[in-house]
Amino acid sequence: MKRGTVLLLALVAATVIGEGGASNARAGLIPLPTTLDQLQTTGNFAVVAPFTFSEFTFSSSAIPPSTPVISPSAVNVLRFDLGNEHGITLGGAFFAAAGTIVDYAFSYLVTAAPGVGIIDAYLSGVFSTFGGTGSVSIGETLYNADTGELIGTLEIASPPGSVSNVLNFNGVRAIRVQKDLILVGGSNGASVSFINQGYSYVPEPGSIVMGSVAGVVGLAEALRRRRRA
């Protein structure tokens, strides 16, 4: 085989391997920031320790139907940290022009690391109605992902331009989140630039007990070694 042909085949093989490697890099863990379409792929997830965010869905509707809406590729997903709250921020040009209504629906699964319980949900947003009669509301329903039982609901609305709300509950391992964003354009339009979602956590009781037992065992072993010495 001629040297030029060998080099050409090697180049093609390297290209195929490189493309396969890039494809594999996109599967599974998706580093933040990213876009929502990347997280919609089955099996993809993001991590903001100690939480894993997965199983994302996204849909939109509008009145009139010809009203422009944004696609998942135009929704940015960023890390969110505020004190003890850790989670994600959804950012994008969510907008309803004057005289229109736009509705976006999101859902995703939040799973805590082993030995950790989720004890609250924090929701906030940055809104604008441009001094007109428009409005924005975000309603959220949370379910225990293990039992399907309702945990509770959260809602924030404009005006004013930036609001927040917190829902406290008993510790759970995983939460199914269903979020609905409604923009009513009114006289001058309405927009949302950021939706922040955070969670705080505590060690599960079983983990505390096991940690205490391990501590006692370790202390006893240290004392025994000291006596031998």
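For the single chain, residues carry numbers from 1 onward in sequence order. The structure displayed is predicted, hence computed values, not measured ones.
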Result for side-chain contact (heavy atoms from CB on, under 4.5 Å) between Tyr199 and one of Ile119, Val48, Val177 points to Val177
With heavy-atom distances below 4.5 Å as the criterion, would you say the side chains of Ile182 and Val184 are in contact?
yes
Within the 4.5 Å heavy-atom criterion, are Thr153 and Leu142 side-chain neighbours or not? no
To the nearest 0.5 Å, atom CG of Leu154 lies from atom CD of Glu140 at 5.5 Å
For Phe95 and Ser191, the nearest pair of non-hydrogen atoms, with its separation, is CD1-CB, 3.9 Å
Shortest non-hydrogen pair, Val69 vs Ser60, comes out as CG2-OG, 3.5 Å
>> Can you confirm whether Pro64 sits close enough to Thr67 that some side-chain heavy atom of one is under 4.5 Å from a side-chain heavy atom of the other?
In response: yes
**Request:** Assess whether atom CG of Asn168 is packed by more than 12 heavy atoms of other residues, nucleotides or ligands within 6.0 Å.
**Result:** yes
According to the interplanar angle, ranging from 0 to 90°, do the rings of Phe51 and Tyr201 count as parallel (below 30°), tilted (30 to 60°) or perpendicular (above 60°)?
perpendicular
Does one hydrophobic cluster hold both Val110 and Leu167, with members joined at side-chain heavy-atom distances below 4.5 Å? yes
Steps toward side chain to side chain contact (heavy atoms under 4.5 Å, CB included) verdict (Lys179, Ile138)
CA-CA 7 Å; Lys179 190 190 310 287; Ile138 303 175; 3.8 Å; yes
Scanning both residues in full, the closest heavy-atom pair of Glu155 with Asn165 reads O-ND2, 3.3 Å
One should read off an interatomic distance between Ile175 CD1 and Asn144 CG, to the nearest 0.5 angstrom, of 8.0 Å
* Check: Asn196 main-chain N/O paired with Thr89 side-chain donor or acceptor under 3.5 Å -> no
Would you say Phe56 ends up clustered with Ile70 if hydrophobic residues are merged whenever their side chains have heavy atoms under 4.5 Å apart, either directly or through other cluster members? yes
If we ignore hydrogens and angles and just use 3.5 Å, is the side chain of Asn84 paired with the main-chain N or O of Ser200 as donor and acceptor? no
* Can you find a pair of side-chain heavy atoms, one from Val77 and one from Leu39, that are under 4.5 Å apart? -> yes
- Query: Under a 4.5 Å cut-off applied to non-hydrogen side-chain atoms, are Leu181 and Ile195 in contact?
  - Reply: yes
Output for pair (Thr34 OG1, Asn44 CG), nearest 0.5 Å, gives 8.5 Å
Separation between CZ (Phe45) and OG (Ser54), nearest 0.5 Å, reads 8.5 Å
Spell out, yes or no, whether Leu183 and Ile156 are grouped together once hydrophobic residues are joined by side-chain heavy atoms under 4.5 Å, including indirect joins. yes
Here the gap from Thr35 atom OG1 to Asn76 atom CG, rounded to the nearest 0.5 Å, amounts to 7.0 Å
Q. How about Ser73 and Ser71: does a side-chain donor come under 3.5 Å of a side-chain acceptor?
A. yes
With Phe94 as partner, the option from Phe58, Tyr104, Phe194 fulfilling ring pair (Phe, Tyr, Trp, His ring centres under 6.0 Å) is Tyr104
*Would Leu123 and Val172 show up in the same hydrophobic cluster when neighbours are defined by side-chain heavy atoms closer than 4.5 Å?*
yes
Could you see if Tyr122 belongs to whatever hydrophobic cluster contains Val163? Use Ile, Leu, Val, Met, Phe, Trp, Tyr and a side-chain cutoff under 4.5 Å.
no
Heavy-atom check, side chain of Pro33 versus side chain of Leu78, under 4.5 Å: yes
Would you mind reporting whether Arg173 and Ile118 have side-chain heavy atoms less than 4.5 Å apart? no
Just wondering, do Val202 and Val116 contact through their side chains at under 4.5 Å, heavy atoms? no
Which of Gln197, Gln178, Arg176 passes side-chain hydrogen bond (donor to acceptor under 3.5 Å, both in side chains) with Tyr108? It is Gln197
Rounded to the nearest 0.5 Å, the CZ atom of Phe53 sits from the CG atom of Leu32 at a distance of 8.5 Å
Taking every heavy atom of Asn188 against every heavy atom of Thr129, the minimum-distance pair comes out as CB-O, 4.0 Å
Discussion item. Can you see whether Ser107 engages Thr57 through a side-chain donor-acceptor pair at a distance of less than 3.5 angstrom?
Written reply: yes
- prompt: Ser187 side chain to Thr133 main-chain N or O, any donor-acceptor pair under 3.5 Å?
  reply: yes
